[in-house]
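Small disclaimer: the values here were computed from a predicted structure and weren't measured. Numbering of residues begins at 1 and proceeds along the displayed sequence.
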Amino acid sequence: MEGGRNVDSTVSRFIRYAECASESHNEKAFCEYMEQELAGMGIPFERQELGNEVVTDGWNILARIPGRSGKKPFLFVFHLDTAAPSNQVEVCVEGGCIRSKGSSVLGADGKLAIAVVMQAVERLMQEGEINRPIELLFTVCQELGLHGAKYADYSRIESEEAIVIDHYVTGEVLTRTPARLYMNVELIGRAAHVIRNEEPGVNALLTAVEIIHQIPVGRLNDNLSINVFDLVSLSPSNAVPKYARFDVEIRCFGNDIKQEIRDRIRRKAEETAERMGCKCNIREEEDVPETDFSENTDMLERLASIYSRSGLSMIPARSFGVLDATCTNQLGIRTVPIGFNIYHSHSAREYVVIEDVKKMLELVENIIRYF
């Protein structure tokens with residue numbers, strides 16, 4: 001009976017969180033809400049204000065939960081922001097599922113993990129069952145580039161181990177995430193009036209489209225995903241467009257694959273631009289490195305035991321997702337990302353099955369007790 005009450009309380013908590021606006025860049029309302037939650041539970045916390053590197057009206061939050069004397073703390077990392085559109089979420093519960101009405105994203109990506117962990121912490125604090133001290137880092141602007149995690153003040157964190165719940169399958173534990181590379185392609189042609197044949201222009205927009213046509217997009221295989229976005233070319237209707245630009249995002253596993261695809265795109269862009277008479281400038285930025293979490297062997301062994309205790313098989317997996325876990329692991333806080341069941345994440349069809357929440361809650365309680 002108590003387990004049922006805990007699940008009901010977790011669902012109610014998640015619905016409250018989901019209906020609090022928190023799109024990336026606009027997390028202030030949810031930051032304030034979480035500070036009220038923490039204060040109400042008697043959990044000390046501090047704001048981490050962010051500099052101009054992060055465009056947000058919110059802030060990171062670092063909270064600390066005392067544990068047994070002599071135990072080293074560990075860290076949970078969550079992101080407060082949700083994918084757009086999610087500033088006017090109205091939640092409905094039907095057929096044993098939690099959904100968003102209308103066209104809003106539910107926001108389970110981010111908020112479900114927070115709700116489950118907060119519920120588990122609240123119950124175990126009341127029962128005196130917190131084992132190791134726990135630090136909770138809540139970040140902003142994760143969805144748009146891990147900005148909150150990149151600029152968090154880690155000097156305030158004591159933990160040497162972290163768990164990040166930011167994957168969509170309960171039971172799966174991520175052992176690897178990809179590198180992410182951006183390529184910005186800029187084309188400069190020559191403007192001309194469309195009816196002046198004696199001074200023909202060089203159409204930068206047409207050149208950009210010709211290049212894009214040669215770039216494969218989508219999930220190309222188990223190691224490579226490519227997306228083309230933000231094609232821009234502003235021009236009067238009676239002029240040949242002189243300027244165009246577009247961006248390419250590459251997510252991949254393996255340095256050889258990354259180098260081969262970036263060289264291929266660069267070569268096609270430069271050759272096409274030369275053939276069509278455009279100047280071509282290409283800028284590259286790798287903002288997220290490929291990360292191997294399988295190196296944290298002892299953590300995975302402890303988690304495997306906890307999953308078994310929770311009636312789950314721990315399944316090693318890879319994901320094309322980009323996670324705050326990369327930032328913490330890079331900085332020497334050894335990290336393992338784990339998953340909770342979320343269906344059709346980042347879309348208006350996103351939903352959570354209430355029956356799944358019971359298993360999530362049991363898993364998190366066991367992590368807090370035994371990790």
Side-chain angles (χ1 to χ4, degrees), residues 22-24 75-84 86 105-114 116-117 137-150 152 162-182 217-227 229 247-254 257-258 261 285-296 299-300 303 314-331 333-347 349-352 356 360 363:
S22 61
E23 282 184 14
S24 302
L75 174 70
F76 277 114
V77 184
F78 315 96
H79 63 92
L80 296 163
D81 61 318
T82 47
S86 56
V105 171
L106 178 62
D109 178 4
K111 291 180 176 177
L112 179 62
I114 299 173
V116 171
V117 172
L137 177 64
F138 303 85
T139 69
V140 294
C141 290
Q142 184 271 351
E143 296 287 0
L144 300 180
L146 315 181
H147 297 301
K150 285 180 179 177
I163 293 174
V164 177
I165 307 170
D166 198 7
H167 178 57
Y168 307 143
V169 183
T170 303
E172 289 192 351
V173 171
L174 298 184
T175 56
R176 207 169 197 92
T177 53
R180 180 169 66 181
L181 170 70
Y182 289 116
V217 296
R219 181 74 60 83
L220 302 179
N221 54 52
D222 289 342
N223 293 312
L224 180 62
S225 174
I226 301 176
N227 187 43
F229 64 105
D247 294 304
V248 182
E249 184 203 70
I250 301 167
R251 299 189 188 201
C252 67
F253 296 95
I257 294 171
K258 179 175 63 181
I261 196 65
E285 177 193 6
E286 183 176 324
D287 73 325
V288 178
E290 183 174 350
T291 306
D292 182 3
F293 301 102
S294 69
E295 296 175 346
N296 301 320
M299 294 178 66
L300 290 167
L303 281 171
M314 193 180 87
I315 305 166
R318 296 193 315 176
S319 169
F320 274 96
V322 174
L323 313 178
D324 284 349
T326 291
C327 298
T328 51
N329 202 70
Q330 262 192 306
L331 288 165
I333 303 174
R334 298 185 309 130
T335 304
V336 175
I338 69 174
F340 280 174
N341 284 352
I342 301 173
Y343 301 90
H344 302 297
S345 182
H346 283 215
S347 77
R349 297 183 297 148
E350 183 179 33
Y351 69 92
V352 174
D356 291 343
M360 299 173 195
L363 174 63

### side chain to side chain contact (heavy atoms under 4.5 Å, CB included) evaluation trace for Met314 with Leu300
CA-CA 9 Å; Met314 193 180 87; Leu300 290 167; 4.3 Å; yes
### Query
Can any side-chain N or O of Thr291 pair as donor or acceptor with the backbone N or O of Pro289 at less than 3.5 Å?
yes
### Summary
Heavy-atom closest pair (Ser22 atom, Lys111 atom, distance to 0.1 Å) is OG-NZ, 2.8 Å
#### Entry: Sub-4.5 Å side-chain heavy-atom contact between Val105 and Thr82
no
### Distance-only donor-acceptor check, side chains Asp109 and His346, under 3.5 Å
yes
### Query
Is there side-chain contact between Arg349 and Tyr351, with at least one heavy-atom pair below 4.5 Å?
no
### Query
Is there side-chain contact between Cys252 and Lys258, with heavy atoms separated by less than 4.5 Å?
yes
### Task
Give the C-alpha distance, both sets of side-chain angles, the deciding distance and a yes or no for side chain to side chain contact (heavy atoms under 4.5 Å, CB included) between Asp287 and Tyr182.
CA-CA 8 Å; Asp287 73 325; Tyr182 289 116; 3.8 Å; yes
### Message
Rounded at 0.5 Å granularity, tell me how far CZ in Arg219 sits from OG in Ser225.
### Response
5.5 Å
### Query
Can you check whether Asp356 reaches Phe340 side chain to side chain, under 4.5 Å on heavy atoms?
no
### Query
Looking only at atom types and distance, does a side-chain atom of Glu172 sit under 3.5 Å from a main-chain N or O of Ile315, one as donor and one as acceptor?
no
### Query
Counting N and O atoms only, with roles assigned by atom type, does the side chain of Ser347 sit under 3.5 Å from a partner on the main chain of His344, one being a donor and the other an acceptor?
yes
### Query
So, for Leu137 and Ala152, which heavy atoms are closest and what is the spacing to 0.1 Å?
CD2-CB, 4.3 Å
### Query
Counting N and O atoms only, with roles assigned by atom type, does the side chain of Thr177 sit under 3.5 Å from a partner on the main chain of Gly321, one being a donor and the other an acceptor?
no
### Query
What are the two closest heavy atoms between Arg180 and Gly145, and how far apart are they?
NH2-CA, 3.5 Å
### Query
How long is the span from the CD atom in Glu249 to the CG atom in Leu181, to the nearest 0.5 Å?
9.0 Å
### Query
Would the number of heavy atoms belonging to other residues, nucleotides or ligands and lying under 6.0 Å from CG of Asn221 be above 12?
yes
### Task
Drop me the distance from Ile261's CD1 to Arg251's CZ, to the nearest 0.5 angstrom.
15.5 Å
### Task
Of all the heavy-atom pairs spanning Ala162 and Ile333, show the shortest one and how long it is.
CB-CG2, 3.8 Å
### Task
Using the test ring pair (Phe, Tyr, Trp, His ring centres under 6.0 Å), find all partners of Phe138 that sit at least two apart in sequence or belong to another chain.
Phe78
### Distance in Å, Asn329 CG paired with Glu295 CD, rounded so as to fall on 0.5 Å steps
7.5 Å
### Message
Within this structure, what is the CD1-OH distance for the pair Ile342 and Tyr168, rounded to the nearest 0.5 Å?
### Response
6.5 Å
#### Entry: Residues in side chain to side chain contact (heavy atoms under 4.5 Å, CB included) contact with Arg176, at least two apart in sequence or another chain
Phe253, Glu290, Asp292, Arg318
### Task
State, yes or no, whether a side-chain contact exists between Asn341 and Val352 at a heavy-atom distance under 4.5 Å.
no
### Query
Between Cys327 and Lys150, what is the shortest heavy-atom contact and its length?
SG-CG, 3.8 Å
### Message
In the structure I gave you, are the side-chain heavy atoms of Met360 and Ile165 within less than 4.5 Å of one another anywhere?
### Response
no
### Task
For Glu350 and Gly107, indicate whether the former's side chain and the latter's backbone hold a donor-acceptor pair under 3.5 Å.
yes
### Task
Determine whether Val140 and Asp81 make a side-chain contact, defined as any pair of heavy atoms from C-beta on separated by less than 4.5 Å.
no
#### Entry: Between CD1 on residue Ile257 and CD1 on residue Ile250, distance to nearest 0.5 Å
11.5 Å
### Query
Does some side-chain heavy atom of Leu174 sit less than 4.5 Å from a side-chain heavy atom of Leu323?
yes
